[in-house]
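What you see is a predicted model; the values in this text were computed from it and never measured. By convention here, the first residue in the shown sequence is residue 1.
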Amino acid sequence: MTKRVTILGSTGSIGENTLSLIAHSGADTFNVVCLTANTNAAKLAEQALRFKPEYVVLADPHHAQDLKERLAGTDIKIGIGREALIEAGSWPADFIMAAIIGAAGLEPTLAALGQGKHLGLANKECLVCSGDLFMEKVKSTGTTLLPVDSEHNAIFQVLNQKRRKDVRKLILTASGGPFREFSAEQLAKVTRAQALSHPVWEMGAKITIDSASLMNKGLELIEASYLFDRPSEEIDIIIHPQSIIHSMVEYVDGSVLAQMGSPDMRTPIAYAMAWPRRMAAPVKPLDLIEIAKLEFQAPDDVKFPALRLAREALETGGAAPTVLNAANEIVVAAFLNEKVAFSAIPACIESVLNRFSREQSFTKPLMSVSDVLGFDARARKNAHAWISGNK
Ligand code: NDP
């Protein structure tokens, strides 16, 4: 049966990889029904003309006219703005790829969960900022949640979810990013261009900076805790520069099961799209002789404080992960705009978290989406204020 597919964030790195797999597998397998972007009207229109979805949405109204002109004469429905983006999440589909970047993906992804179908989760920030609320909605709607982040996809592939007590811990691997061997002095002088050149993975700008600061691994730690219902102490992080082992599960008898593959996001995307089957993906086969050695190191959370901050936020619970994520989004955007230094990233996040830690409601469970959005908005404001005072 042909699967109806929506891609929230189709113009990004995950979105484009998803479309390339759809093109590779032919029209009988997947039928693209809905695509969304933020500002990139040209790319969204190009995708729409090629894949002929029923509905396309551009979140930013400033580029609406451009999209309308590019799709004039077609019968593709066009939606503009935030409400339309949420409607895209509930557009009838069998598989929805959540690939918007940041907490901006929360509401459309929650709308997608409302369909109770299969959801491929790349947008880790929407789970990090809403935690238990998100997972409760997964359960109450009967959604099959398929992790797309390569580490969580790896764990999903090797974890026996039915026998919880058999599992001792989850081990997330991290490439270590481009600055793994840098000293603290070198890290202080890192430029935008250096931070944007990841040694292994090709990704969008924000996640590339998160990988360089190791905040990406911090967000993934929180993501893993919610996805697989494990406390912080049952999740380890190890540096594995080759990115061949995508993550592991350690069982109580000492067995460690790992999932391996070439570092190519099309593998976890294909796994999520075809689940519970598998589909062919044009990925370079793994050649272990060519790779020859796999290395492992302990992460350095003194040099990379983002890891420590994320672990503390997970252990604090309540709104701490929401605030961590929001402050990170703002300070990373400021770094990408060359307004702050690389070392400002953890400094800003820590300062914003400290400010919130005095509030009683900070450690209490989040009760609603408006709770999440309230903390998110205030954390962004605080991060902007910190940046203005530290330029
Ligand atoms: P990109 O920056 O490449 O793409 C982001 C997508 O989201 C684009 O379609 C963009 O539209 C859209 N978007 C951005 N801001 C908004 C907004 N405010 N409202 C609506 N849509 C918006 O990101 P990636 O593809 O790299 O990452 C997507 C998600 O997947 C992230 O959560 C990331 O952490 C996760 N991920 C990514 C991996 C990768 O290899 N790239 C690996 C594992 C996880 P436009 O193009 O118009 O700006």
For a 4.5 angstrom cut-off between non-hydrogen side-chain atoms, does [X] reach [Y]?
| X | Y | result |
| --- | --- | --- |
| Leu113 | Val138 | yes |
| Ile76 | Pro53 | yes |
| Leu35 | Leu19 | yes |
| Ser150 | Met265 | yes |
| Trp275 | Phe156 | yes |
| Arg82 | Pro108 | yes |
| Leu353 | Leu324 | yes |
| Thr109 | Ile100 | no |

Same apolar cluster (I L V M F W Y, side chains within < 4.5 Å links), [X]/[Y]:
| X | Y | value |
| --- | --- | --- |
| Val256 | Ile235 | no |
| Met248 | Leu288 | yes |
| Tyr271 | Ile244 | no |
| Ile22 | Val283 | no |
| Leu159 | Ile171 | no |

Give the C-alpha distance, both sets of side-chain angles, the deciding distance and a yes or no for side chain to side chain contact (heavy atoms under 4.5 Å, CB included) between Met273 and Phe95. CA-CA 7 Å; Met273 291 181 79; Phe95 177 87; 3.8 Å; yes
Can any side-chain N or O of [X] pair as donor or acceptor with the backbone N or O of [Y] at less than 3.5 Å?
| X | Y | result |
| --- | --- | --- |
| Asp60 | Gly81 | no |
| Ser225 | Leu221 | no |
| Gln115 | Gly89 | yes |
| Thr2 | Asp28 | yes |
| Asp210 | Met215 | no |
| Arg192 | Leu336 | yes |
| Ser90 | Ala112 | no |
| Lys303 | Arg180 | yes |
| Ser262 | Asp264 | no |
| Asn382 | Arg378 | yes |

What residues form a side-chain hydrogen bond (donor to acceptor under 3.5 Å, both in side chains) with His240, not counting sequence neighbours?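 side-chain hydrogen bond (donor to acceptor under 3.5 Å, both in side chains) check on His240 returns Gln242.
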[X] atom [atom1]: more than 12 heavy-atom contacts under 6.0 Å:
| X | atom1 | value |
| --- | --- | --- |
| Asp75 | CG | no |
| Arg164 | CZ | yes |
| Glu359 | CD | yes |

How long is the straight-line distance from [atom2] of [Y] back to [atom1] of [X], given to the nearest 0.5 Å?
| X | Y | atom1 | atom2 | value |
| --- | --- | --- | --- | --- |
| Ile269 | Asn17 | CD1 | CG | 4.5 Å |
| Ser247 | Gln157 | OG | CD | 11.0 Å |
| Ile330 | Lys339 | CD1 | NZ | 11.5 Å |
| Ile291 | Leu286 | CD1 | CG | 4.5 Å |
| Met279 | Arg266 | CE | CZ | 10.5 Å |
| Gln47 | Thr36 | CD | OG1 | 9.5 Å |

If you take all heavy atoms of [X] and [Y], which pair is closest and at what distance?
| X | Y | value |
| --- | --- | --- |
| Ala320 | Ala313 | CB-O, 3.5 Å |
| Lys364 | Gln360 | CG-O, 3.7 Å |
| Ala379 | Phe356 | N-CZ, 3.7 Å |
| Thr11 | Leu44 | CG2-N, 3.7 Å |
| Thr143 | Thr141 | OG1-OG1, 2.7 Å |
| Gly254 | Arg168 | N-NH2, 4.5 Å |

Salt bridge Glu46-Lys43, side-chain N to carboxylate O under 4.0 Å: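 Salt bridge between Glu46 and Lys43, a charged N being under 4.0 Å from a carboxylate O: no.
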May I ask you to say whether Arg311 pairs ionically with Asp301, meaning some side-chain N is under 4.0 Å from a carboxylate O?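 No.
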ring-ring contact (aromatic ring centres under 6.0 Å, His included): which pairs involve residues 44-84, sequence neighbours left out?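 Sorted pair list: Tyr55-Trp91.
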Does anything in residues 312-337 form a ring-ring contact (aromatic ring centres under 6.0 Å, His included)? List the pairs, not counting sequence neighbours.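 Qualifying pairs, neighbours excluded: Phe335-Phe342.
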Using distance alone, with no hydrogens and no angle criterion, decide if Asn354 and Glu350 have a side-chain donor and acceptor under 3.5 Å apart.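 Distance-only check fails for Asn354 and Glu350.
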Decide salt bridge (Lys or Arg N to Asp or Glu O under 4.0 Å) for Glu151 and Lys124; before the verdict, give the C-alpha distance in whole Å, the side-chain angles of both, and the deciding distance to 0.1 Å. CA-CA 12 Å; Glu151 296 76 2; Lys124 68 194 85 183; 5.8 Å; no
Mind running side chain to side chain contact (heavy atoms under 4.5 Å, CB included) on Met97 and Val5 for me, showing each step along the way? CA-CA 8 Å; Met97 173 61 80; Val5 175; 5.6 Å; no
Please step through side chain to side chain contact (heavy atoms under 4.5 Å, CB included) for the pair Glu223 and Leu121, ending with a clear verdict. CA-CA 10 Å; Glu223 181 185 12; Leu121 184 71; 4.2 Å; yes
List the steps, then state whether side chain to side chain contact (heavy atoms under 4.5 Å, CB included) holds for Cys348 with Val340. CA-CA 10 Å; Cys348 171; Val340 294; over 6 Å; no
